[in-house]
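Within every chain, numbering begins at 1; the chains are lettered A, B, ... in the order of the sequence lines, protein sequences first and strands thereafter.
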Amino acid sequence: MLDIRIVREQPDFVKSRLALRGGGDEAKIDELLRVDAERRKAETALQALNAERKKLSKEIGGMRSRGQDSSQLENRVRKVGDEIARLNEDVNRVDTQQKEMLLEIPNLPHLKVPCGKDASANPVVRSWGTKPKLDRTLDHVTIGTDLKLLDLERASKLSGSGFICFTGAGARLERTLIQFMLDLHTREHGYEEMSPPFLVRRDCMVGTSQLPKFEADMYGLENNQLFLAPTAEVPVTNFHREEILSVDELPKKYVAYTPCFRREAGSAGRETRGIIRVHQFDKVELVKITTPESSFEEHESLTADAEKILQLLGLHYRVVELCAGDLGFGATKTYDIEVWSPGQNAYLEVSSCSNFADFQARRMNLRFKDAEGKNRFCHTLNGSGLALPRLFAALIETGQQQDGSVRLPEKLLPYFGAGQIP
RNA sequence: GGUGAGGUGGCUGAGUGGUCGAAAGCAGCGCUUUGCUAAAGCGCCGUACCCCAAAAGGGUACCGAGGGUUCGAAUCCCUCCCUCACCGCCA
């Protein structure tokens with residue numbers, strides 16, 4: 001949620017920043033300001049009437065206690081009360097309208113974010129390793145099915161298309177990767193492990209800005225008052241919603257493994273083969289809550305923490321910075337980490353590391369008390385560390401051998417108990 | 001799922017229709033006293049929003065949330081949310 005004061009004081013700046021996203025949101029600003037002016041006008045009038053009623057009611061109290069007749073005054077105040085009721089409705093209506101509008105406006109891209117319309121304009125920030133030279137290149141579906149690591153046909157028998165069932169060594173590899181990542185982030189990177197609920201309230205989904213705009217992409221239950229979390233970002237970031245944290249407990253660093261549930265309506269296309277885009281997938285997520293002063297620095301280290309996984313697994317990847325037009329709704333700055341998939345002959349996004357600045361914190365009223373004792377909004381960040389199915393795919397595609405087996409990275413040996421499959 | 005008890009400031013906790021944004025205590029901040037510590041005394045100490053060019057200042061709202069009754073609601077009524085206890089069911 002944007003700070004209405006900034007919108008009020010620098011509307012042209014806000015509009016020009018929003019325009020960079022290319023979503024047409026800058027057109028909403030004038031209407032928002034009109035509603036804001038209306039709201040403040042109605043509020044001021046209401047407050048004046050409230051002050052009058054308060055004063056007169058006290059007089060009535062005084063007269064009664066002295067045994068005087070106050071009926072004339074009471075009649076007068078009753079009229080004021082009627083007026084208040086009427087104005088109150090106006091204020092509530094306009095206030096709600098303004099809040100709803102604010103919830104639909106995306107975050108401003110950070111000043112240093114590159115301009116560009118879509119993913120093709122995302123600059124590559126760095127890359128690590130090189131594309132492996134393979135004797136043959138099968139894709140993960142073929143490898144996985146041949147070695148009985150996963151069974152997509154039977155999965156669809158259970159849940160329809162877009163679901164994975166890992167089997168045998170595949171299921172073990174999935175579990176191994178989760179454990180490996182959690183251990184690394186907790187032991188080496190200083191994150192606190194959390195195992196949150198997978199179902200979250202509507203308020204939480206609004207807090208991290210999945211709602212109201214993207215309700216169609218979410219799985220809702222209980223008359224849409226409860227949702228299957230599309231990412232651990234939702235329960236973990238909202239863990240401290242409506243709290244005032246003390247400045248010396250920041251930054252908060254959490255890591256959580258959860259399954260993630262997404263409808264991804266209308267996303268059929270090139271990326272849908274195999275396990276690349278599914279309705280349920282596992283993910284280890286990193287979340288930080290920081291001060292405004294340190295969030296960009298923390299963003300860099302969070303991204304590095306996620307990259308470390310790929311480095312230890314010896315998988316080639318690159319990091320791209322999202323241009324303004326490709327930025328997610330709530331993010332002010334984002335790095336995507338893309339692992340190389342020999343089978344797809346493409347880079348696959350396995351992590352999206354974003355700084356939301358105070359955008360989410362405003363929505364969830366998450367604040368901290370600074371050194372001067374003032375309450376200020378926190379900054380929130382998150383990034384996958386990492387998303388499992390695509391990592392799984394890259395891993396078995398990169399490790400595939402001439403004889404049909406898959407060699408696994410050494411680092412997984414103590415976790416997996418074998419250096420290759422089968 | 002059933003029954004019951006509750007939700008008041010950072011915390012504890014008073015307050016059942018009027019001058020209550022809310023007693024008191026604790027914690028915190030400042031000052032005085034003091035060789036230091038301790039102790040004591042005095043003072044300060046919520047948040048959001050609105051008005052004002054700004055500051056100073058002023059105002060309104062907030063006692064879980066939203067409605068209602070009333071001239072006036074922390075206090076009475078309704079709905080919802082949450083917490084706790086016991087019972088039932090259950091991995």
- Pull out every residue in residues 68-87 of chain A that has a heavy atom closer than 4.0 Å to any atom of RNA chain B, ordered by number, or say none. E74(A), V77(A), R78(A)
- Who passes ring pair (Phe, Tyr, Trp, His ring centres under 6.0 Å) against H299(A), sequence neighbours left out? Y335(A)
- Could you run down nucleotides 51-68 of chain B 5' to 3' and tag each one B, S or - for protein heavy-atom contact under 4.0 Å? S-------BBS-----S-
- Query: Between K369(A) and S57(A), which has a closest nucleotide on RNA chain B that is more 5'?
  - Reply: S57(A)
- Message: Distance alone, cut at 3.5 Å: any donor-acceptor contact between the side chains of Y254(A) and H185(A)?
- Response: no
- Can you tell me how far C1' in C11(B) sits from the matching atom in C76(B), rounded to whole Å? 30 Å
- Can R262(A) and D217(A) be counted as an ion pair, charged N to O under 4.0 angstrom? no
- Could you give the CD1-to-C1' distance, from I4(A) to C50(B), as a whole number of Å? 14 Å
- Message: Do C260(A) and K283(A) have side chains that approach each other closer than 4.5 Å (heavy atoms only, starting at C-beta)?
- Response: yes
- Message: With rounding to the closest Å, how many angstrom separate the C1' atoms on C78(B) and A85(B)?
- Response: 26 Å
- Query: According to the Watson-Crick and G-U wobble definition with distances under 3.5 Å, which dot-bracket string, read 5' to 3', encodes RNA chain B, using [ ] for crossing pairs and | for pairs with another strand?
  - Reply: ((((((((.[[[..)..(.....]]].(((((.......))))).((((((.....)))))).[[[[[..)....]]]]])))))))....
Below 3.5 Å is the cut-off: list the nitrogen or oxygen pairs between protein and nucleotides 9-11 of chain B, distance only.
none

- Note on the structure: Taken in chain and number order and not counting sequence neighbours, the residues that satisfy ring pair (Phe, Tyr, Trp, His ring centres under 6.0 Å) with F368(A) are none
- Task: Mind listing the closest non-hydrogen atom pair of E285(A) and A232(A) along with its distance?
- Result: CB-CB, 3.8 Å
- Item | Identified side-chain contact (heavy atoms from CB on, under 4.5 Å) partner of T208(A) from the options V200(A), N238(A), V287(A) | N238(A)
- Expressed in angstrom and rounded to an integer, what is the separation of Q225(A) atom CD from C80(B) atom C1'? 11 Å
Expected list for residues 174-181 of chain A: side-chain donor-acceptor pairs under 3.5 angstrom, two or more places apart:
residue	atom	partner	partner atom	Å
T176(A)	OG1	R172(A)	O	2.8

- Item | Residue pairs fulfilling salt bridge (Lys or Arg N to Asp or Glu O under 4.0 Å) with at least one residue in residues 57-70 of chain A, sequence neighbours excluded | R64(A)-E74(A)
- Lys/Arg-Asp/Glu bridge criterion (N-O < 4.0 Å) met for E349(A), R277(A): no
- Message: Does anything in residues 32-78 of chain A form a ring pair (Phe, Tyr, Trp, His ring centres under 6.0 Å)? List the pairs, not counting sequence neighbours.
- Response: none
- Message: Counting only heavy atoms from other residues, nucleotides and ligands, does the tally under 6.0 Å from CD of E297(A) exceed 12?
- Response: no
- Excluding sequence neighbours, so at least two apart, what forms ring pair (Phe, Tyr, Trp, His ring centres under 6.0 Å) with F377(A)? none
Contacts table for residues 16-31 of chain A: side-chain donor-acceptor under 3.5 angstrom, sequence neighbours left out:
residue	atom	partner	partner atom	Å
S16(A)	OG	D12(A)	O	3.4
S16(A)	OG	F13(A)	O	2.9
R17(A)	NH1	P109(A)	O	2.9
R17(A)	NH1	H110(A)	O	3.0
R21(A)	NE	N107(A)	O	2.7
R21(A)	NH1	L327(A)	O	3.1
R21(A)	NH1	G328(A)	O	3.1
R21(A)	NH2	N107(A)	O	3.1
R21(A)	NH2	G328(A)	O	2.9
R21(A)	NH2	F329(A)	O	3.3
R21(A)	NH2	A331(A)	O	2.9
D25(A)	OD1	K28(A)	NZ	2.8
K28(A)	NZ	E104(A)	O	3.3
D30(A)	OD1	K15(A)	NZ	2.9
D30(A)	OD2	K15(A)	NZ	3.4
E31(A)	OE1	R34(A)	NE	3.2
E31(A)	OE2	R34(A)	NH2	3.1

- Task: List in numerical order all residues of residues 245-252 of chain A for which some heavy atom is under 4.0 Å away from an atom belonging to RNA chain B.
- Result: none
- Message: Heavy atoms only, 4.0 Å cut-off, all strands: where does R367(A) land among base, sugar-phosphate and nothing?
- Response: sugar-phosphate
- Among side-chain atoms of K252(A) and T290(A), is any donor-acceptor pair under 3.5 angstrom? no
- Message: Could you tell me how far C20(B) sits from A74(B) if I compare only their C1' atoms? Round to whole Å.
- Response: 9 Å
